[in-house]
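Note: hydrogens, waters and symmetry copies are ignored here, and every other heavy atom, side chains too, is used. In this chain, numbering begins with 1 at the start of the sequence shown.
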Amino acid sequence: MKVLLVKDVYKLGRAGDIKKVADGYGRNFLLPQKLAVLATEGALKQVQRIKSQAEIRRSSQNEELKGVAEQINGVVVTFPAKAGETGKLYGSITTQDVATAISEKTRFEVKRQQVDMQPIRNLGEFTAHVRLTMDLVPEVKIIVHREGETAESVTAHAAEEAKAEKEAKASRKSSKEAAAPAAETEAAAE
């Protein structure tokens with residue numbers, strides 16, 4: 001089914017675009033929500049008008065939400081959680097949890113659908129993006145730490161793990177390099 005988008009649709013396109021979508025998606029979601037119309041000849045004649053109106057609407061939304069985006073950008077949200085020895089959480093931190101925490105910190109209503117991230121199931125530092133509009137996508141830092149510990153201990157622990165991993169890679173590389181000449185001398189001796 002070919003449709004003409006009337007409004008911006010996340011992960012599909014901007015207003016005025018002509019897209020080919022699955023029949024069910026178009027019939028059951030895009031058309032009833034008035035996000036698109038069927039791409040008929042009459043509708044195709046209105047593409048320029050729809051694009052210009054959408055551009056005006058998009059710029060006014062961006063102006064309104066610019067201050068909110070600056071407020072949200074760089075916000076640090078911490079979550080105490082129960083976790084096992086390996087750092088795996090009992091449960092997970094979801095988009096709803098993050099949206100609620102951001103709303104409490106910034107006093108701006110953030111819906112869970114606006115938060116772009118996978119559920120967090122481990123201790124550590126993570127980043128999430130908040131989609132205010134198609135163009136304004138501020139970034140939020142999420143710190144998940146064990147209950148009873150401080151968030152700083154998680155960042156220090158993460159830095160130690162990164163350093164240990166780097167050293168392990170270096171030692172593996174040097175052991176491979178040392179093993180290679182030994183294998184060459186054994187092959188030459190035969």
Side-chain angles (χ1 to χ4, degrees), residues 1-81 89 91-122 124-145 151 154-155 158:
M1 162 185 289
K2 275 192 170 183
V3 294
L4 170 65
L5 297 178
V6 178
K7 295 182 181 174
D8 296 344
V9 180
Y10 180 63
K11 290 188 178 178
L12 183 61
R14 295 183 178 267
D17 291 350
I18 299 166
K19 296 288 180 172
K20 185 173 175 129
V21 297
D23 291 347
Y25 181 54
R27 189 175 42 247
N28 299 324
F29 180 71
L30 295 175
L31 297 177
Q33 298 284 330
K34 298 200 181 350
L35 298 174
V37 294
L38 286 173
T40 60
E41 286 185 34
L44 294 177
K45 292 177 182 175
Q46 299 177 0
V47 168
Q48 285 298 56
R49 184 181 59 82
I50 290 172
K51 280 186 178 182
S52 63
Q53 287 176 346
E55 187 63 40
I56 293 167
R57 187 172 48 242
R58 198 177 302 123
S59 64
S60 68
Q61 277 184 333
N62 287 344
E63 283 299 315
E64 287 175 21
L65 296 175
K66 194 177 230 177
V68 174
E70 289 171 1
Q71 249 185 330
I72 292 175
N73 197 21
V75 166
V76 178
V77 183
T78 59
F79 291 98
L89 299 182
S92 63
I93 307 296
T94 62
T95 55
Q96 180 63 53
D97 300 329
V98 173
T100 303
I102 292 170
S103 295
E104 288 173 2
K105 272 203 168 186
T106 61
R107 301 283 184 240
F108 175 75
E109 176 91 24
V110 176
K111 296 177 184 158
R112 67 181 176 85
Q113 292 89 349
Q114 292 176 301
V115 179
D116 249 355
M117 64 172 242
Q118 293 296 316
I120 298 171
R121 295 186 172 95
N122 294 314
E125 286 187 23
F126 305 91
T127 56
H129 299 278
V130 180
R131 283 183 294 106
L132 298 177
T133 64
M134 294 276 277
D135 302 323
L136 290 176
V137 186
E139 193 172 276
V140 177
K141 185 177 179 182
I142 302 166
I143 299 175
V144 182
H145 61 88
V154 170
T155 55

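Summarising the geometry of Ala43 relative to Val37, their closest heavy-atom pair is CB-CG2, 4.1 Å, with the distance given to 0.1 Å. Of all the heavy atoms in Asp8 and Ala15, the pair that sits closest is OD1-N, 2.8 Å. The minimum heavy-atom distance linking Ile72 with Pro138 is given by the pair CG2-CG, 3.9 Å.
A donor-acceptor pair under 3.5 Å is formed between the side chain of Arg131 and the backbone N or O of Gln113. Between the Asp116 side chain and the Val130 main chain, no donor and acceptor come within less than 3.5 Å of each other. For the pair Ser103 (side chain) and Glu109 (backbone), a donor-acceptor distance under 3.5 Å is absent. Not one N or O on the side chain of Thr127 forms a donor-acceptor pair closer than 3.5 Å with the backbone of Val140.
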Step by step, work out the side-chain contact (heavy atoms from CB on, under 4.5 Å) result for Glu139 and Asn73. CA-CA 5 Å; Glu139 193 172 276; Asn73 197 21; 3.9 Å; yes
side-chain contact (heavy atoms from CB on, under 4.5 Å) between Met117 and Phe126: does it pass, once the steps are laid out? CA-CA 9 Å; Met117 64 172 242; Phe126 305 91; over 6 Å; no
Apply side-chain contact (heavy atoms from CB on, under 4.5 Å) to the pair Leu4 and Val47, showing each step before the final yes or no. CA-CA 8 Å; Leu4 170 65; Val47 168; 3.9 Å; yes
Begin from the C-alpha positions of Phe108 and Leu132 and carry the test side-chain contact (heavy atoms from CB on, under 4.5 Å) through to its verdict. CA-CA 11 Å; Phe108 175 75; Leu132 298 177; 3.8 Å; yes
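Rounded to the nearest 0.5 Å, atoms CD1 (Ile50) and CG (Leu5) are 9.0 Å apart. A distance of 11.5 Å separates NZ of Lys11 from CE of Met134, quoted to the nearest 0.5 Å. Atom CD1 in Ile102 sits 12.0 Å away from atom CD in Gln71 (nearest 0.5 Å). How far NE2 of His129 is from CG of Leu136: 14.0 Å, rounded to the nearest 0.5 Å. A distance of 9.0 Å separates CZ of Arg58 from OG1 of Thr133, quoted to the nearest 0.5 Å. Once rounded to the nearest 0.5 Å, the distance linking NZ of Lys2 with CG of Leu44 reads 8.0 Å.
Glu63 and Ser59 share no donor-acceptor pair across their side chains, judged by distance under 3.5 Å alone. Defined by atom type and a distance below 3.5 Å, a donor-acceptor pair is present between the side-chain atoms of Asp97 and Thr94.
Other residues, nucleotides and ligands place no more than 12 heavy atoms under 6.0 Å from the NZ atom of Lys7. More than 12 heavy-atom neighbours from other residues, nucleotides or ligands sit within 6.0 angstrom of CZ on Arg49. No more than 12 heavy-atom neighbours from other residues, nucleotides or ligands sit within 6.0 angstrom of CZ on Arg112.
Residues Lys51 and Glu55 have side chains not in contact (no heavy-atom distance under 4.5 Å, counting atoms from C-beta outward). The shortest distance between side-chain heavy atoms of Leu12 and Tyr25 falls below 4.5 Å. At a threshold of 4.5 Å between non-hydrogen side-chain atoms, the residues Ile93 and Val98 count as touching.
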